Amino acid sequence: MELSWKNYLVKNLKRFWKQLEREAGKLEAARCDFFPKTFELPLEYHLFVEEFRKKPGTTWIMKPVGRSQGKGIFLFRKLKDIFDWKMNGGCTNEQKDETQVETYVVQRYIENPYLIGGRKFDLRVYILVISYSPLKAWLYRDGFTRFSSMRFTLNSIDDHYVHLTNVAVQKTEPDYDPEKGCKWMIQQLRQYLTARHGTGLVEVLFVDMGNIFIKSLQSVQKVIISDKRRFELYGYDILIDQDLKPWLLEVNASPSLAASSQEDYELKCHLLEDTLHAVDMEGRLTGKKRIGGFDLIWNDGPVSRGGNLGALVNGNFVANTHLGMYSPSAGT
Ligand code: ADP
């Protein structure tokens, strides 16, 4: 909940940012700049309006905090659109009959997403946290990207087929074909980006992503009560912009394991198998840095990738990640 509810995630990241600024300085805190500016509504409505007025014409996205699969989301550019929503008692037409005011987050919309074939996509990455105290986390090397089915444009902000990449949204599109796909494996994406931008820039992008996983987990470390018998498998949603900067959109505590194609089915079967294996092996493991598709990225401190001890890329530590790399050989 501390990570997966959109308003808690914002609150925890903001608090962590301040703590880093106090304890480690502005430079270190700036490495937490991977979450688009966000406010909780109705609580922070006035703060939001202040920010809104600073940058007229910016696109914002409204998201109900406790829902998923793109439900209740809408984009806007005029305060008037929020007034309409406010007048409805903070709800959209579909929930008018419910009595409670629903909490939303309003977030700066990333207007320059990286496009492939003119279409927007986001990444789903899996992280297994074995314990929070001390923090011990594994990163799955496979994952996938979800494409929207319509070409990206800022001219039609009401069109969910253009702006939302959720499979639950895209599969309602009349021409949707699950096998033809709105998904790529992360390996395919990494290969595509490397061919276009070279290994160096893509390495920086993936190291920056590793930084997002670690910093977001650290931001909730102190507020999550660690239970020795509990583990968490998270599904991270990441959006890449045209400057190859990764943004954290949200963290799902119970990522969907439903499959939309054969490839997807295999990924999720292996993910489940490897998760059970990793959890079961805990305690009997000494010094292992890899279990199935999982690489240990944090073990009460950074875990370095072989040969890169202490190396920094873009100011970030090169963690033991193999996300999106083709490396079928078994390791330790
Ligand atoms: P949900 O929990 O309903 O899936 P998300 O926060 O994941 O909500 O948002 C749904 C989709 O909307 C994302 O997959 C992404 O395509 C798009 N989206 C969400 N926030 C932003 C943002 N700040 N900028 C650009 N696109 C966004």
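Everything numeric here is computed off the predicted structure, so don't read it as measured data. The first residue in the sequence is number 1, and the count goes up from there. We count ligands from 1, going down the list as the structure has it; atoms in each ligand are counted the same way.
Remark: minimum distance from atom 11 (C) of ligand 1 to any protein heavy atom is reached at N166 OD1, 3.2 Å. Among all protein heavy atoms, the one lying closest to atom 21 (C) of ligand 1 is L249 CD2, 3.6 Å. The protein non-hydrogen atom at the shortest distance from atom 24 (N) of ligand 1 is I110 N, 2.8 Å. Closest to atom 17 (C) of ligand 1, if we only count protein heavy atoms, is H163 O, 3.7 Å. Ranking the protein heavy atoms by distance from atom 16 (O) of ligand 1 puts T165 OG1, 2.7 Å first. Among protein heavy atoms, the minimum distance from atom 3 (O) of ligand 1 is reached at G70 N, 2.7 Å. For atom 26 (N) of ligand 1, the nearest non-hydrogen atom of the protein is K120 NZ, 2.9 Å. Shortest contact from atom 25 (C) of ligand 1 to any protein heavy atom: Y109 CE1, 3.2 Å.
The shortest N or O to N or O distance between E250 and ligand 1 is under 3.5 Å. Ligand 1 has no N or O atom lying under 3.5 Å from any N or O atom of N252, backbone or side chain. Remark: ligand 1 and I73 share no N or O pair separated by less than 3.5 Å (distance only, no angle test). Considering backbone and side-chain N/O atoms, K63 comes within less than 3.5 Å of an N/O atom of ligand 1.
Between Y8 and W5, the ring-plane angle classifies as perpendicular under the 30° and 60° cut-offs. Taking the six-membered ring where tryptophan is involved, the planes of F152 and Y109 are essentially parallel, since the angle between them stays under 30° and well short of 60°.
Salt bridge annotation for R146-D237: present, with a cationic side-chain nitrogen under 4.0 angstrom from a carboxylate oxygen. Comment: K6 engages E250 in a salt bridge, judged by a side-chain N to carboxylate O separation of less than 4.0 angstrom. A salt bridge between D300 and K136 is absent, with no side-chain N of the basic residue lying under 4.0 Å from a carboxylate O of the acidic one. Classification of E28 and K215 as a salt-bridged pair holds, one side-chain N sitting under 4.0 Å from a carboxylate O. Using a 4.0 Å cut-off between charged side-chain N and carboxylate O, K54 and E50 make no salt bridge.
Contact atoms of ligand 1 toward R67: 2 (O) (distance under 4.0 Å to a heavy atom of the residue). Against a heavy-atom cut-off of under 4.0 Å, D237 is close to the following atoms of ligand 1: 7 (O). Against a heavy-atom cut-off of under 4.0 Å, D122 is close to the following atoms of ligand 1: 13 (C), 14 (O).
Within the structure, the closest approach of R146 to ligand 1 does not fall below 4.0 Å when heavy atoms are considered. Contact between K6 and ligand 1 is present, with at least one heavy atom of the residue lying under 4.0 Å from the ligand.
Each of H163, R108, R77 was scored for a side-chain hydrogen bond (donor to acceptor under 3.5 Å, both in side chains) with T59, with one residue passing: R77.
In this structure, K183 is positioned above the aromatic face of F144, its NZ or CZ under 6.0 Å from the six-membered ring centre and within 45° of the axis.
If you look at W247 and F35, their ring centroids are not closer than 6.0 Å. Between F206 and H322, the gap from one ring centroid to the other reaches at least 6.0 Å.
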